[in-house]
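Chain naming here is simple, since letters A, B, ... match the order of the sequence lines and numbering starts at 1 in each. Hydrogens, waters and symmetry mates play no part in the numbers below; they use all other heavy atoms, side chains included.
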Amino acid sequence: MSNHELAQMILNVIIQIPQGKVASYGQVAKYAGLPKHARLVGRVLGQLPEDHDIPWYRVVNSQGRISLKKLDEKGMCIQTAKLLAEDVVVIDGKINLKKYQWTP
DNA sequence: GATCAGGCTCTAA
DNA sequence: ATTAGAGCCTGAT
């Protein structure tokens, strides 16, 4: 299958994350039917097309932390801000997964 | 926390 | 086509 299809599947899962909840990369990968492709999820998000309704900021790593690379300080800021705007408490780039992890 | 190893895709040579 | 390096990860040491 093409990488684009792959991206579609992943995005399709991500857009189903309800407001006020977050999901981990591995979780998204799993629900997209890609058990071990957590890293690919991150990659796809990084290469996002311009025409997206993707709440990428609701996707964090398995430890409830924001995994953006050092270069993306701004992106990280935006992500925390967006989450905070949705009633998700983010403290120093960390989220309480107990409360906010998405469980379909 | 920090480190290691495992697992998987992408890009470039 | 094969090889090598790197990446917005994960689970265990």
Checklist line | Length of the line joining R65(A):CZ and dG1(B):C1', which is rounded to integer Å | finding: 8 Å

Checklist line | Separation of atom NZ in K30(A) from atom C1' in dT10(C), rounded to whole Å | finding: 13 Å

Check: Atom CG of N61(A) to atom P of dA2(B): distance rounded to whole Å?
Finding: 14 Å

Note to self: Given L83(A), which partner from the list I78(A), V89(A), I95(A) fulfils the side chain to side chain contact (heavy atoms under 4.5 Å, CB included) test?
What the structure shows: I95(A)

Check: For the pair made of CD in Q63(A) and C1' in dG11(C), what is the distance, rounded to whole Å?
Finding: 9 Å

Note to self: For K94(A), is there any backbone N or O sitting under 3.5 Å from a side-chain donor or acceptor partner on R65(A)?
What the structure shows: no

Next item on the list: Verify the contact: side-chain N or O of S62(A) to OP1 or OP2 of dG11(C), cut-off strictly under 4.0 Å; return yes or no.
Entry: yes

Checklist line | For dT3(B), the Watson-Crick or wobble counterpart (both distances under 3.5 Å) | finding: dA12(C)

Item checked: Upstream residue (5' side of DNA chain B) when K36(A) and Q47(A) are each assigned their closest nucleotide -> K36(A)

Note to self: Applying a 4.0 Å non-hydrogen cut-off, can you work out what L45(A) is touching in the nucleic acid: base, sugar-phosphate, or nothing?
What the structure shows: base

Check: With a non-hydrogen cut-off below 4.0 angstrom, is G46(A) in contact with a base, only sugar-phosphate, or nothing?
Finding: base

Check: Any ion pair linking K21(A) and E86(A) (charged N to carboxylate O, less than 4.0 Å)?
Finding: no

Checklist line | Euclidean distance, atom CD1 of residue I10(A) to atom C1' of dC10(B) [Å, nearest integer] | finding: 13 Å

Item checked: Between C1' of dG11(C) and CG of L97(A), the distance in whole Å -> 15 Å

Margin query: Please determine whether a side-chain nitrogen or oxygen atom of H37(A) lies at a distance below 4.0 Å from atom OP1 or OP2 of dT9(B).
Written below: yes

Checklist line | Check: Q63(A) main-chain N/O paired with N61(A) side-chain donor or acceptor under 3.5 Å | finding: yes

Check: Is the shortest side-chain N/O distance from K94(A) to OP1 or OP2 of dG1(B) below 4.0 Å?
Finding: yes

Margin query: Distance check needed: dT11(B) P versus L40(A) CG, whole Å only.
Written below: 11 Å

Notebook entry, point to check: What is the distance, rounded to the nearest whole Å, between atom CG of L34(A) and atom C1' of dC10(B)?
Noted result: 15 Å

Margin query: Under a 3.5 Å distance rule, please check whether Q27(A) uses its side chain to pair with a backbone N or O of V59(A) as donor and acceptor.
Written below: no

